[in-house]
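Following: one structure in C-alpha cells, then a few remarks.
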Amino acid sequence: QVQLVESGGGSVQAGGSLRLSCAGSGYTANYYCFGWFRQAPGRERERVATIATNGRTTYADSVKGRFIISKDSAKNILYLQMDSLKPEDTAMYYCAADSVSINGMWYCSRNNYKYWGQGTQVTVSS
C-alpha cells in the first residue's frame, strides 16, 4: 500500500516561493505516475504537474514557467518548487501516485490517481 505525506505548505506573499515535499512509501511496482494537484474552496480539483518514473513531466498552463516538479527516487520524495507565487495559487495541495505499465508513463496527465496524500495548505497573500 502506497502512503504519501505532504509537507512544506505555508503562507507567503505574492512573488514569493515555496517548496512542497511528498514523502512516499510502499512502492512495489516498476513504473509510476506522480502528480501534484490542488483544490481551492468552492473549486474543482486541478492537476498542477505530473512526473513519471522516466522523468517525463507535464504542467498546467497556469503554472508553466513558475513551478517545477521533480523527484528524488533514492529517497522516494516528490517535490514541487513554486516560484513567483500568485494569490490564485492559494489552495490545498495534494500529491498523488499511481502504478502504471511502461507505456502508461506517457499518460500521467490525468486525474484518476489511486493513491493520495492528506494535503498541505498554501496561502498566497497580495
Side-chain angles (χ1 to χ4, degrees):
Q1 181 79 359
V2 172
Q3 294 186 323
L4 304 170
V5 179
E6 303 95 336
S7 61
S11 297
V12 64
Q13 289 192 327
S17 298
L18 284 173
R19 188 177 79 159
L20 305 183
S21 299
C22 174
S25 62
Y27 297 123
T28 58
N30 290 327
Y31 309 110
Y32 284 88
C33 287
F34 303 96
W36 285 100
F37 296 75
R38 66 187 181 186
Q39 187 167 21
R43 302 189 66 178
E44 292 187 357
R45 186 168 58 196
E46 176 188 17
R47 185 176 62 253
V48 176
T50 69
I51 187 168
T53 300
N54 63 4
R56 182 176 182 269
T57 59
T58 69
Y59 294 92
D61 288 342
S62 58
V63 306
K64 280 181 181 177
R66 300 189 299 122
F67 291 10
I68 297 175
I69 188 171
S70 63
K71 59 184 177 67
D72 184 329
S73 298
K75 296 181 179 179
N76 286 337
I77 300 178
L78 180 70
Y79 298 103
L80 185 68
Q81 177 66 40
M82 304 186 295
D83 297 323
S84 301
L85 282 161
K86 303 175 181 180
E88 51 264 44
D89 295 319
T90 295
M92 184 71 78
Y93 282 71
Y94 300 90
C95 65
D98 197 9
S99 58
V100 295
S101 66
I102 189 170
N103 291 327
M105 288 190 287
W106 290 98
Y107 305 102
C108 293
S109 190
R110 52 183 172 79
N111 295 341
N112 58 335
Y113 279 56
K114 183 174 182 179
Y115 305 106
W116 293 83
Q118 294 300 307
T120 186
Q121 178 67 38
V122 171
T123 302
V124 184
S125 58
S126 57

Could you walk me through whether C22 and L4 pass the side-chain contact (heavy atoms from CB on, under 4.5 Å) test, one step at a time? CA-CA 6 Å; C22 174; L4 304 170; 3.8 Å; yes

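Contact record, R45 with Q39: N-NE2, 3.7 Å, taken as the closest heavy-atom pair. A pairwise comparison of heavy atoms in Y94 and G117 identifies CD2-O, 3.6 Å as the closest pair. Considering every non-hydrogen atom in both N54 and M105, the closest pair reads N-SD, 3.6 Å. When every heavy atom of R66 is checked against every heavy atom of L85, the shortest pair comes out as NH1-CA, 3.9 Å. Nearest heavy-atom pair, S17 versus S84, reported as atom, atom and distance to 0.1 Å: OG-N, 4.4 Å. Nearest heavy atoms, G119 versus E6: N-OE1, 2.8 Å.
One distance of note links CD1 of I51 with SG of C108; it measures 9.0 Å at 0.5 Å rounding. For the atom pair T28 OG1 and Q1 CD, the distance stands at 10.0 Å (nearest 0.5 Å). Here K114 contributes atom NZ and C33 contributes atom SG; the two are 14.0 Å apart, rounded to the nearest 0.5 Å. Of the inter-residue distances, the one linking N76 atom CG with F34 atom CZ reads 7.5 Å to the nearest 0.5 angstrom.
Residues I69 and L78 meet the side-chain proximity criterion, which asks for heavy atoms closer than 4.5 Å. Side-chain contact check for L20 versus V122: some heavy-atom pair is nearer than 4.5 Å. Two residues are said to be in side-chain contact when any heavy atoms from C-beta on lie closer than 4.5 Å; T90 and Q121 meet this criterion. Taking 4.5 Å as the limit, some side-chain heavy atom of F67 sits within range of a side-chain heavy atom of L80. Within the 4.5 Å cutoff, the side chain of Q118 has no heavy atoms near those of the V5 side chain.
Linking ILVMFWY side-chain heavy atoms closer than 4.5 Å, directly or via other members, places V63 and M92 in two distinct hydrophobic clusters. Residues Y59 and Y93 fall within the same hydrophobic cluster, defined by Ile, Leu, Val, Met, Phe, Trp and Tyr side chains chained together at heavy-atom separations under 4.5 Å. Placement of Y27 and Y115 within a single hydrophobic cluster is found when ILVMFWY residues are connected by side-chain heavy-atom separations under 4.5 Å, directly or transitively.
In terms of modelled atom types and a separation under 3.5 Å, the side chain of W36 and the main chain of Y79 share a donor-acceptor contact. Remark: side-chain polar atoms of T120 are paired, donor with acceptor, to backbone N or O of G9 under 3.5 angstrom. The backbone N or O of T53 sits less than 3.5 Å from a side-chain atom of K71, completing a donor-acceptor pair.
Listed by first then second residue, pairs satisfying side chain to side chain donor-acceptor pair (under 3.5 Å) with a partner in residues 97-113 read R47-S109, R47-N111, D98-R110, R110-N112, not counting sequence neighbours.
One finds no salt bridge joining K86 and D89 here, because no Lys/Arg side-chain nitrogen approaches an Asp/Glu carboxylate oxygen to under 4.0 Å.
In the model, E46 has a side-chain atom that pairs as donor or acceptor with a side-chain atom of S62 under 3.5 Å.
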